[in-house]
Amino acid sequence: MTDAVLTEVTDGIAVITINRPGSRNAVNGEVARGIAAAVDELDTRNDVRVLVLTGAGGTFCAGMDLKGFLAGDAPVVAGRGFAGITERPPAKPVIAAVEGYALAGGFEIVMSCDLVVAAEGAKFGLPEVRRGLVAGAGGLLRLPRRIPYHLAMEIVLTGEHFPAAQLAEAGLVNRVVPDGEAIAAARELAQRVALGAPLALAASKRVVVESEDWDSAEAFTRQGEIIGPVFASADAMEGAVAFAEKRAAARPGGPGTTGLARQSPSTMAAAVAWGSGGGVEWCCLRQCGGWNFPGCLAGGRAGLARGR
C-alpha cells in the first residue's frame, strides 16, 4: 500500500480511499497498484466482509491521470485492469461512496462496484469522446447493461455530466444522500450487507455477475457448481440453527473460519428439518469442525447417524 491509497478496517468493513485530492484523485500507476494490493489483501482477510471505495477531498475520481499517461505511467495492473479493479473486481461486495466528480475512469471504477451511494451534488460522466479517447475500462460494456440503452448512449456520446438523482432514477445509484454524507451512508449500507454469511455473499455476487453470459440450458448447472459448497458449509448449518433458536447467526470470521462441514447433505438436511421442529440439542462429536449443530446424537432423532 502507498500514501496514494489508504485503507482502514472497522467492524468488518474496509474503506479504500484514493488519496490524491490535489489531482482530483486521478488514477496513476501508484494508485492502480495501491488499489490492486488493497483488494488482494482484503479479499483474503477473515475480518473483512464488505469493501467501500471512495476518494479523498470531496471528489471521488476524475479518471486517468493524463499527465502521467503521457509520461508513460500506465494506470493499469495486469489481471485487474485500470485502477487495479475494473477488469477483475473484488470477490467480496464493494460499495462506491461518491462525492463530487466520478468522471471517465472514475465513473468506470464506480461501475465496477456492486452498490453505489452518491451525494446529491455528485456528477457522473464519460467525457472520453471529447478528448479523442474511448471509455475502455468497462464503461462501454457495463453502462448499457445497468441503465436504459438510450440514456447510456447519451452519456457515452455527449460526454456530458449527469447528476446523481438522474442516475438513481435510472437504477445505477442505490442511495442519494446530502453532500458530505456519502461515506457514512455507504458504511451503514455495508453494515447491512455484512449481516450475510461470507461464503453466501461471495457466491451470490459471483452468480449474479457471471450468469449474464450463461446459456439458459446450463444456467442451473453452473449455478449449482458455485453455490453447492455454500450449502455444505458451517455458515449454512449455523444459519439453520440460529433460525430454529430465533437468534442472530454467529459469524466469527470470514472464509477461513466458515469452511465446509463434514456431514453429508442428507444428514444436514435431516438436522435442519429436525432443528426447525423446535427441539434443539447439541452434539458432542464436533464432526463439523467445531461448529455444533442440532441432532447429531439426540437420541437418534430424525435418523441421524451416530458415527464417531
> Hey, does the side chain of S233 reach the backbone of A236 with a donor-acceptor pair shorter than 3.5 angstrom?
yes
> Q166 pairs by side-chain contact (heavy atoms from CB on, under 4.5 Å) with which of L151, I155, I147?
L151
> Contact between D65 and P75 at the side-chain level, heavy atoms closer than 4.5 Å - yes or no?
no
> Supply the atom-to-atom distance L51 CG to L115 CG, rounded to the nearest 0.5 angstrom.
12.0 Å
> Is the shortest side-chain heavy-atom distance between R49 and V193 below 4.5 Å?
no
> If you count heavy atoms of other groups shown closer than 6.0 angstrom to CD of E169, is the number above 12?
no
> Determine yes or no for a side-chain-to-main-chain donor-acceptor pair under 3.5 angstrom, with E99 supplying the side chain and A182 the backbone.
yes
> For residues W214 and V207, determine if any side-chain heavy atom of one lies less than 4.5 Å from a side-chain heavy atom of the other.
yes
> Going through the checks in order, is the salt bridge (Lys or Arg N to Asp or Glu O under 4.0 Å) test met by R187 and E181?
CA-CA 10 Å; R187 284 181 181 273; E181 297 184 13; over 6 Å; no
> Does I227 belong to the same Ile/Leu/Val/Met/Phe/Trp/Tyr cluster as V208, with side-chain heavy atoms less than 4.5 Å apart forming each link?
no
> About how many Å separate CD1 of I16 and CD of E41, when rounded to the nearest 0.5 Å?
9.5 Å
> Taking the side chain from T17 and the backbone from T54, do they hold a donor-acceptor pair closer than 3.5 Å?
no
> Roughly how far, to the nearest 0.5 Å, is CG of L103 from CE of M64?
13.0 Å
> Is it the case that the side chain of E8 and the backbone of V15 share a donor-acceptor pair, with hydrogens and angles ignored and the cut-off at 3.5 Å?
no
> What heavy-atom pair brings G239 and A249 nearest, and what distance separates the two atoms?
CA-CB, 4.4 Å
> Decide yes or no for V134 and E128: does some side-chain heavy atom of the first lie under 4.5 Å from some side-chain heavy atom of the second?
no
> Let me check something: do M111 and L157 share a hydrophobic cluster, defined by ILVMFWY side-chain heavy atoms less than 4.5 Å apart, either directly or through other members?
yes
> Closest heavy-atom contact between V94 and S112?
CG1-O, 4.2 Å
> For D11, check side-chain contact (heavy atoms from CB on, under 4.5 Å) against everything at least two apart and list the hits.
none
> Which pair of non-hydrogen atoms, one from A102 and one from V110, has the smallest distance, and what is that distance?
CB-CG2, 4.0 Å
> If I take atom CD1 from residue I226 and atom OG1 from residue T221, how far apart are they, to the nearest 0.5 angstrom?
11.5 Å
> Take R80 and D40 through the test salt bridge (Lys or Arg N to Asp or Glu O under 4.0 Å) and record every step on the way to the result.
CA-CA 10 Å; R80 285 204 179 271; D40 286 342; 2.8 Å; yes
> For T158, does its backbone N or O pair with a side-chain atom of R130 as donor and acceptor, under 3.5 Å?
yes
> According to the ring-ring contact (aromatic ring centres under 6.0 Å, His included) rule, which pairs have a member within residues 57-102, sequence neighbours left out?
Y101-H161
> When clusters are formed by joining ILVMFWY residues with side-chain heavy atoms under 4.5 Å apart, either directly or through shared neighbours, do V173 and L189 land in the same one?
no
> Has D47 got a side-chain atom pairing as donor or acceptor with G12's backbone, closer than 3.5 angstrom?
no
> Rounded to the nearest 0.5 Å, how far apart are SG of C113 and CZ of R142?
9.0 Å
> Nearest 0.5 Å, what's the OG1-NZ distance between T44 and K92?
6.5 Å
> Is there a donor-acceptor pair closer than 3.5 Å between any side-chain N or O of N25 and the backbone N or O of T59?
yes
> With sequence neighbours excluded, what pairs up with A32 under the side-chain contact (heavy atoms from CB on, under 4.5 Å) test?
V27, V77
> Run the side-chain contact (heavy atoms from CB on, under 4.5 Å) test against A62 and tell me which residues pass, sequence neighbours left out.
R24
> Would a 4.5 Å heavy-atom cut-off, applied to side chains only, mark L201 and K205 as touching?
no
> With a 4.5 Å cut-off on side-chain heavy atoms, are L172 and V116 touching?
no
> Could you check whether any side-chain N or O of R20 sits under 3.5 Å from a backbone N or O of A4, counting only pairs where one atom can act as donor and the other as acceptor?
no
> Does the side chain of I95 come within less than 4.5 Å of V117's, by heavy atoms?
yes
> Check whether any side-chain heavy atom of V9 sits under 4.5 Å from a side-chain heavy atom of L42, and report yes or no.
yes
> For residues L195 and V50: do they belong to one hydrophobic cluster (side chain heavy atoms under 4.5 Å, members Ile, Leu, Val, Met, Phe, Trp, Tyr)?
no
> Show the nearest heavy-atom pair for residues V52 and A186, with the distance to one decimal.
CG1-CB, 3.9 Å
> When you measure from the side chain of D179 to the backbone of E120, do you find a donor-acceptor pair of N or O atoms at a distance under 3.5 Å?
yes
> Residues two or more places apart in sequence or in another chain: which of them pass side-chain hydrogen bond (donor to acceptor under 3.5 Å, both in side chains) with R33?
none
> Taking NZ, NE, NH1 and NH2 as the nitrogens, is one of them in D215 or R222 under 4.0 Å from a carboxylate oxygen of the other?
no
> L126 and F162: same hydrophobic cluster, using ILVMFWY side-chain contacts below 4.5 Å?
yes
> So, for F107 and F124, is the gap between ring centers shorter than 6.0 Å?
yes
> Nearest heavy-atom pair of D73 and G29: which atoms, and what distance?
OD2-N, 3.2 Å
> Tell me, please, which residues at least two apart from N19 pass side-chain contact (heavy atoms from CB on, under 4.5 Å).
L6, P21, A56
> What heavy-atom pair brings V230 and L199 nearest, and what distance separates the two atoms?
CG2-O, 3.8 Å
